Each structure stands twice: as C-alpha cells, then as structure tokens.
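Comments concern the structure below.
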There are 2 protein chains.
Amino acid sequence: MNDTSEPRWLDQAEMTAWLRLVAVNERLPGVLDQQLRRESGFTHFEYQVLAMLSDAPERTLRMTQLGLQTNATLPRLSHVVKRLEDRGLVERSVAPEDKRAINAALTDDGFAALAEAAPGHLASVRAHVFDPLSREQVLALSEALAAILTKVDPMGDAPQDRRATS
Amino acid sequence: MNDTSEPRWLDQAEMTAWLRLVAVNERLPGVLDQQLRRESGFTHFEYQVLAMLSDAPERTLRMTQLGLQTNATLPRLSHVVKRLEDRGLVERSVAPEDKRAINAALTDDGFAALAEAAPGHLASVRAHVFDPLSREQVLALSEALAAILTKVDPMGDAPQDRRATS
DNA sequence: TGCGGTTACTTCAATCTACAACTAACCACG
DNA sequence: CGTGGTTAGTTGTAGATTGAAGTAACCGCA
C-alpha cells in the first residue's frame with residue numbers, strides 16, 4: 001500500500017506561507033466584522049452586498065449575479081437580503097423579463113447607510129491591510145491571489161475589477 | 001462634524017487586490033472544508049486542531065495555546081474539542097500544575113485519523129494554492145501576509161513557524 | 001400545446017459560531 | 001488565612017450558514 005505518488009509535503013517556506021494565509025483567513029473577518037458591527041451595525045458581508053449594489057447600474061443586481069460578486073452561496077444571500085429588506089435598505093422585485101429572477105435594488109436609505117459606514121470601514125481596511133504593505137507588496141499580493149483564484153474560482157466569478165464608478 | 005481627515009479612497013490597484021483578498025477569504029474555506037468533509041469527515045478547523053496537537057510535544061497543548069495557534073476564540077475551541085473528544089480523537093485532562101488549565105491531547109485514534117486525512121488535504125492545498133504560484137510568488141505572498149498579520153494579530157499569536165518536525 | 005429538463009430562488013432542518021454569563025482556581029496583599 | 005481581582009474554561013442561547021429539498025418559471029422540441 002505504499003503510495004509513492006503521494007504528493008510531496010510542504011517545505012518550510014510553503015508551510016510558513018500556508019500558516020500565514022490560514023491565519024489571515026481566520027482573523028481578518030473578525031477584525032472587519034467587529035469594526036463594522038460596532039460603528040455601523042453591519043456585517044462585512046452585508047456591507048459587501050450593499051457596496052456591490054451601489055456600484056451596479058441602477059443600483060440593481062440579480063440575486064445570482066450578486067451572489068457571484070459577493071462570493072456567497074444563494075441560500076446565504078437569500079437570507080441576508082431578506083434581512084436587509086426588512087431593514088428597508090434593499091428592495092426585491094421580480095424581474096419583468098424573467099419571472100424566475102429577482103432584482104435586488106439598493107434603496108435611498110440603503111445608499112445613505114452605506115455612505116455613512118464607508119469611511120470607517122475604509123480606514124479599517126487601510127489600517128489592517130494596506131498600511132503595512134509597500135506598493136510592490138500590494139502588487140505582488142494581488143498577483144498571487146489572482147493566481148490562487150484561478151483554481152479556487154475557476155469560472156472567474158469573483159468580482160472583476162470593472163473599475164466601475166471611476 | 002465634518003471629517004476632512006477622511007482617509008483617501010483605495011486606488012485601482014489597491015481595490016483589485018482587496019477584492020481578490022476578500023474573494024480568496026470567502027471561497028478558500030469552502031473548498032477546503034468540502035474536500036475534507038467528503039474524504040475524511042473533518043472540518044478544516046477540526047483538522048487544524050488535530051494537526052497542531054500532533055506537532056506539539058507530547059501531542060498535548062493547553063486549550064488557550066491551542067486557541068491561539070488555531071486562531072480561534074476559546075468558546076469555539078471548547079465546543080469543537082468536546083466534539084472531537086466524543087469521537088475519541090482527543091482527550092482532555094486537568095493540568096496538574098494549574099488546575100484551571102486543561103490539556104488537550106491527541107489520542108492514537110486521533111493521530112491515525114489525521115494521518116489518513118493528511119494526504120488528501122495536502123493534495124487539495126497544493127492544487128488550489130501552491131500549484132498556481134511560482135516560488136517567488138510563494139515568498140512574496142508569505143511576506144505580504146506576515147506584514148498584514150502584524151496588524152491583524154498584533155500579539156503575534158498565530159502559529160509561529162517553529163520549524164518543528166523538519 | 002404539452003412534456004422533460006434547467007434555471008432561479010426560497011425554505012427547512014441541522015450544525016456551527018459568537019457573545020454573554022457563569023464556575024473554579026490562582027495570586028497578591030493586608 | 002481571606003478578600004478582591006485576574007485567568008482558564010465551560011455552558012447557554014440566540015443568530016448565521018450550509019446542504020438538501022421544494023417551488024415556480026423558462027426553454028427546446030415533438
């Protein structure tokens with residue numbers, strides 16, 4: 001039963017990188033959530049939903065598209081959007097051209113809430129992620145993550161850098 | 001209340017990097033969990049707990065230390081370890097020198113289960129993370145993540161690369 | 001028109017996580 | 001000693017996420 005084709009183990013540099021990736025993965029969401037929750041009453045995921053909507057034409061997106069752009073499963077998104085709708089920040093309506101589909105649209109209240117939350121969130125992202133990185137590190141990190149995404153998200157569904165509003 | 005010191009917005013390169021980091025953050029856990037769950041019946045977090053124990057002297061660690069090394073809160077760890085104990089993979093015992101503290105130790109069954117799960121998990125990590133990266137990218141990624149960790153985990157509690165077993 | 005197969009979501013049940021008490025043990029100091 | 005304050009963990013509960021199943025609308029083709 002000797003499995004000689006067993007993939008080689010991680011060497012030390014790889015193991016270090018792996019532990020760090022996992023650590024960031026576990027700790028960053030908590031940091032972001034905590035700041036947003038405290039200052040704006042949002043989850044980071046909720047913030048993402050609002051942000052993606054605000055960048056979309058008509059501030060409206062189909063659920064499926066929104067799910068892809070926020071890297072979320074559809075059930076999860078469905079629940080979250082329902083809660084946001086209950087809070088009056090988002091409105092759902094059946095798409096006229098395809099009655100299976102649902103358009104989620106940011107309300108004015110939702111836009112205002114997002115605008116109020118944004119500066120604090122931005123400051124947090126800068127403080128925890130970009131401040132400690134040099135420009136070259138930002139670019140290198142970005143490239144490495146893009147490479148990983150090709151494997152983790154083979155369809156390339158994650159939010160493309162369509163530099164929207166600019 | 002005009003906040004003129006509003007931090008500057010992310011430029012395009014930063015925004016791209018940020019979206020990619022968030023995307024990896026959201027998608028990678030799912031990919032890892034799915035492979036482990038299917039092939040071994042573990043969560044990635046459970047796997048981490050077992051792995052950290054197996055690398056520790058005596059295959060034993062205090063709950064608090066284990067929590068730091070797995071980037072978990074104590075309540076979460078407590079629940080997970082209890083479930084692992086119910087499955088006979090871990091044993092808990094009061095630490096003799098400090099009766100508040102609890103030592104979690106990997107059982108032989110736990111070690112065996114980890115050994116069985118490891119190759120598949122390793123293959124998954126290689127396939128999704130390291131295969132698409134060049135050696136330089138691995139190193140650059142590692143450095144960038146280390147820099148972020150200094151802000152996200154200021155105490156440096158994440159698992160140090162004590163190049164243990166090698 | 002009608003039937004089978006997708007697609008787009010929602011809902012349900014089970015699991016997991018987080019936040020907030022709560023318990024027990026340690027420690028320093030009077 | 002013993003009292004107050006901290007540390008180590010656990011538990012309880014409420015809220016969130018997941019995977020599976022369910023519903024409704026679309027599409028192609030006979």
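Given the structure is predicted, the values throughout are model-derived calculations rather than measurements. Note on naming: letters A, B, ... go to the chains in the order of the sequence lines (proteins, then strands), and numbering restarts at 1 for each one.
Remark: Arg8(B) does not engage Glu14(B) in a salt bridge, criterion side-chain N to carboxylate O under 4.0 Å. In this structure, Arg135(A) pairs ionically with Asp11(B), as a charged nitrogen and a carboxylate oxygen lie closer than 4.0 Å. Between Glu26(B) and Arg76(A), at least one side-chain nitrogen of the basic residue sits less than 4.0 Å from a carboxylate oxygen of the acidic one, meeting the salt-bridge criterion.
When each of His79(A) and Asn103(A) is assigned the nucleotide of DNA chain C bearing its nearest heavy atom, the one mapping closer to the 5' terminus is Asn103(A).
dT7(C) atom P lies 16 Å from atom CD of Gln65(A), rounded to whole Å. The CG-P distance, from Leu66(B) to dA8(D), rounds to 14 Å in whole Å. The distance between atom CD of Gln34(B) and atom P of dG19(D), rounded to the nearest whole Å, is 6 Å. Between the C1' atom of dT17(D) and the CZ atom of Arg37(B) lies a distance of 11 Å, rounded to the nearest Å. For Leu77(B) and dC16(C), the CG to C1' distance is 14 Å, given to the nearest whole Å. At whole-Å resolution of the value, CG in Asp33(B) and P in dT15(C) are 16 Å apart. Going from atom CG of Leu74(A) over to atom P of dC12(C) covers 16 Å, rounded to whole Å. Following rounding to the nearest Å, Gln48(A) (CD) and dT17(D) (P) show an atom-to-atom distance of 11 Å.
In terms of polar N and O atoms assigned as donor or acceptor, the side chain of Arg76(A) never comes within less than 3.5 Å of the base of dT18(D) in a complementary pairing.
Of the listed nucleotides (dA20(D), dA18(C), dA8(C)), dA18(C) has the atom at the smallest distance from the side chain of Thr73(B). Closest contact between the side chain of Lys99(B) and the listed nucleotides dT17(C), dC26(C), dT10(D) involves dC26(C). Of all nucleotides listed (dT7(C), dT10(D), dA8(D)), dT7(C) comes nearest to the side chain of Arg100(A).
Ser78(B) comes within contact range of at least one nucleobase, with a heavy-atom separation under 4.0 Å.
Considering only side-chain N and O atoms, Lys82(B) lies under 4.0 angstrom from the phosphate OP1 or OP2 of dT11(D). A close approach under 4.0 Å does occur between a side-chain nitrogen or oxygen of Arg83(B) and OP1 or OP2 of dC16(C). For Arg92(A), a side-chain nitrogen or oxygen approaches OP1 or OP2 of dT10(C) to under 4.0 Å.
Heavy-atom neighbours of Glu91(B) CD from other residues, nucleotides or ligands within 6.0 Å: at or below the threshold of 12.
Relative to the six-membered ring of Phe111(A), Arg59(A) meets both conditions, a distance below 6.0 Å and an angle of at most 45° to the axis.
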